[in-house]
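Before any comments, here is the structure.
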Amino acid sequence: MFQILIVEDDRALNNSIREHLILNGYSAVSAYEADTAFSVLHRQPIDLILSDIMMPEIDGIEFASRVRNLSSTIPILFLTARDDFETKKLSYQTGIDEYLVKPIDLDELVLHIQALLRRSQMASQREISVGNVHLNVDETTLQIDGEDVPITFREFSLLRKFLTNPGKTFTRAQLMDEFWSIDTDSSPRTVDVYMTKLRNKLAKAEGFSIATVYGLGYKAVLK
């Protein structure tokens, strides 16, 4: 059973979410502030985190940043009343996976949770197939319609990142931090150059596309 941690200082909303998740077959743990959430994370395995942004003492941005120092793989979904672009941008740069604006529909929330958990499971796969595209992680190979397509290691790593996280937006800064050396002279616009090359190699790909998210970065969109 998947374990979900709910970090929300509105106790009524926290309890409503927990009860709805339990009704839908999940195990859910409530924390009303970040310190309690960290205690839960150190005490038991957690498969996904739901977190507010505006919380006392440690806000959601700082909380997510600290979680990413503990784990790069736990999906984090922000539930917040903040709907401005700068907050969204900072949230994604911190490393969250998805961002929903309150008020939220609890049934829709369950759909987002299901999608995030599927992404998390896909990330551990050694072979990935989407449409007519097949990646072999161990051999670092790309095939489209069964035909080998030459691809560099960095291009392969970028493509794998997108396909194992469909729908998730990755900022240029995030991609630079992960796939380029910290002492590189390259700028975030280098990502754009690589994405152009990757899209050219995926010209015959079916089942997904790599979309530009204006002002942020890129994401894979399944068709």
Side-chain angles (χ1 to χ4, degrees), residues 1-18 21 26-102 104 109 112-113 115-124 157 161-162 164-165 167-183 188 191 213 215-219:
M1 182 181 294
F2 289 113
Q3 302 269 0
I4 299 176
L5 173 60
I6 308 163
V7 191
E8 166 64 67
D9 62 331
D10 183 331
R11 290 176 179 261
L13 177 59
N14 194 317
N15 294 338
S16 293
I17 294 173
R18 186 185 72 248
L21 294 182
Y26 297 100
S27 176
V29 181
S30 290
Y32 305 114
E33 72 285 318
D35 284 340
T36 302
F38 285 122
S39 297
V40 173
L41 287 167
H42 286 106
R43 187 175 65 243
Q44 65 187 84
I46 294 296
D47 297 296
L48 183 144
I49 296 171
L50 304 177
S51 178
D52 190 12
I53 291 180
M54 295 181 289
M55 297 187 294
E57 298 184 15
I58 300 174
D59 66 15
I61 301 290
E62 176 64 22
F63 170 68
S65 178
R66 295 189 190 183
V67 170
R68 281 291 166 256
N69 289 331
L70 296 173
S71 170
S72 62
T73 59
I74 299 177
I76 301 174
L77 169 57
F78 270 174
L79 307 175
T80 178
R82 298 283 298 272
D83 194 22
D84 60 287
F85 176 78
E86 287 304 318
T87 300
K88 291 180 180 179
K89 181 177 180 179
L90 179 58
S91 299
Y92 282 116
Q93 288 175 336
T94 302
I96 71 157
D97 295 87
E98 199 161 343
Y99 189 110
L100 295 180
V101 177
K102 297 175 182 176
I104 58 172
L109 175 61
H112 285 277
I113 289 171
L116 285 174
L117 290 172
R118 282 197 300 270
R119 292 181 202 169
S120 179
Q121 291 176 310
M122 284 179 65
S124 64
S157 299
K161 186 78 171 178
F162 289 120
T164 55
N165 296 275
K168 178 179 177 180
T169 298
F170 294 99
T171 67
R172 292 176 178 86
Q174 283 178 306
L175 297 172
M176 285 292 295
D177 287 344
E178 183 166 353
F179 298 114
W180 276 263
S181 171
I182 193 170
D183 58 356
V191 177
V213 181
L216 285 176
Y218 299 91
K219 67 178 179 180

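Since the model is a prediction, treat every value here as computed from it, not as a measurement.
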ask   = Can you tell me how far CG of L77 sits from CD of E98, rounded to the nearest 0.5 angstrom?
value = 5.5 Å
ask   = By side-chain hydrogen bond (donor to acceptor under 3.5 Å, both in side chains), which residues pair with T80, not counting sequence neighbours?
value = none
message = Run the side-chain contact (heavy atoms from CB on, under 4.5 Å) test against L90 and tell me which residues pass, sequence neighbours left out.
response = I61, Q93, T94
request  = Could you check if a side-chain atom of F170 sits within less than 4.5 angstrom of a side-chain atom of K161, using non-hydrogen atoms only?
outcome  = yes
Derivation of the side chain to side chain contact (heavy atoms under 4.5 Å, CB included) call for V7 and N14 = CA-CA 7 Å; V7 191; N14 194 317; over 6 Å; no
query = Among all residues two or more places apart in sequence or in another chain, which pass the side-chain hydrogen bond (donor to acceptor under 3.5 Å, both in side chains) test with R82?
reply = D84, T87
request  = State, to 0.1 Å, how close Y99 and V101 come at their nearest heavy-atom pair, and which atoms those are.
outcome  = CE2-CG2, 3.9 Å
remark   = Taken in chain and number order and not counting sequence neighbours, the residues that satisfy side-chain contact (heavy atoms from CB on, under 4.5 Å) with A31 are L5, T36, A37
query = CE of M54 to CG of D10: how many Å apart, nearest 0.5 Å?
reply = 11.0 Å
ask   = What pairs with Y218 under ring pair (Phe, Tyr, Trp, His ring centres under 6.0 Å), at least two apart in sequence or on another chain?
value = none
query = Any side-chain heavy atom of L48 sitting closer than 4.5 Å to one from I113?
reply = yes
key: Any pair counted as salt bridge (charged side-chain N to carboxylate O under 4.0 Å, His left out), so long as it reaches residues 62-76, sequence neighbours left out   = E62-R66, R68-D97
task = Applying side-chain hydrogen bond (donor to acceptor under 3.5 Å, both in side chains), name anything that partners S71, two or more places apart in sequence or on another chain.
result = T73
task = Quick one: which residue pairs count as a ring-ring contact (aromatic ring centres under 6.0 Å, His included) with a foot in residues 38-63, not counting sequence neighbours?
result = F38-F63
key: Value rounded to 0.5 Å, distance of CG in L109 from OG in S16   = 11.5 Å
note = Nearest heavy-atom approach of G95 to K168 is O-NZ, 4.1 Å
ask   = Would you say I49 and I4 make side-chain contact, with heavy atoms under 4.5 Å?
value = no
query = Rounded to the nearest 0.5 Å, how far apart are CG of N15 and CD of E8?
reply = 10.0 Å
remark   = Residues at least two apart in sequence or cross-chain that pass side-chain hydrogen bond (donor to acceptor under 3.5 Å, both in side chains) with S27, listed by chain then number, are Q3
request  = Find out whether P56 and D9 are in side-chain contact, i.e. whether some heavy atom of one side chain is under 4.5 Å from a heavy atom of the other.
outcome  = yes
key: Residues forming a ring pair (Phe, Tyr, Trp, His ring centres under 6.0 Å) with Y32, sequence neighbours excluded   = none
Non-hydrogen side-chain atoms of R172 and L175 separated by less than 4.5 Å = no
request  = Please examine the side chains of M55 and I53, heavy atoms only from C-beta on, and report whether any two atoms are closer than 4.5 Å.
outcome  = no
task = Answer yes or no: is there a side-chain heavy-atom contact under 4.5 Å between I76 and V67?
result = yes
ask   = Taking side chain as C-beta onward, heavy atoms only, is S51 less than 4.5 Å from L79?
value = no
key: salt bridge (charged side-chain N to carboxylate O under 4.0 Å, His left out) contacts in which one or both residues fall within residues 35-59, not counting sequence neighbours   = D52-K102
key: Separation between CD1 of I96 and CZ of F78, rounded to the nearest 0.5 Å   = 5.0 Å
query = Which word best sums up how the rings of Y26 and F2 line up, parallel for under 30°, tilted for 30 to 60°, or perpendicular for over 60°?
reply = tilted
message = Going by salt bridge (charged side-chain N to carboxylate O under 4.0 Å, His left out), name the pairs with one or both residues in residues 86-95, residues two or more places apart or in two chains.
response = D83-K88
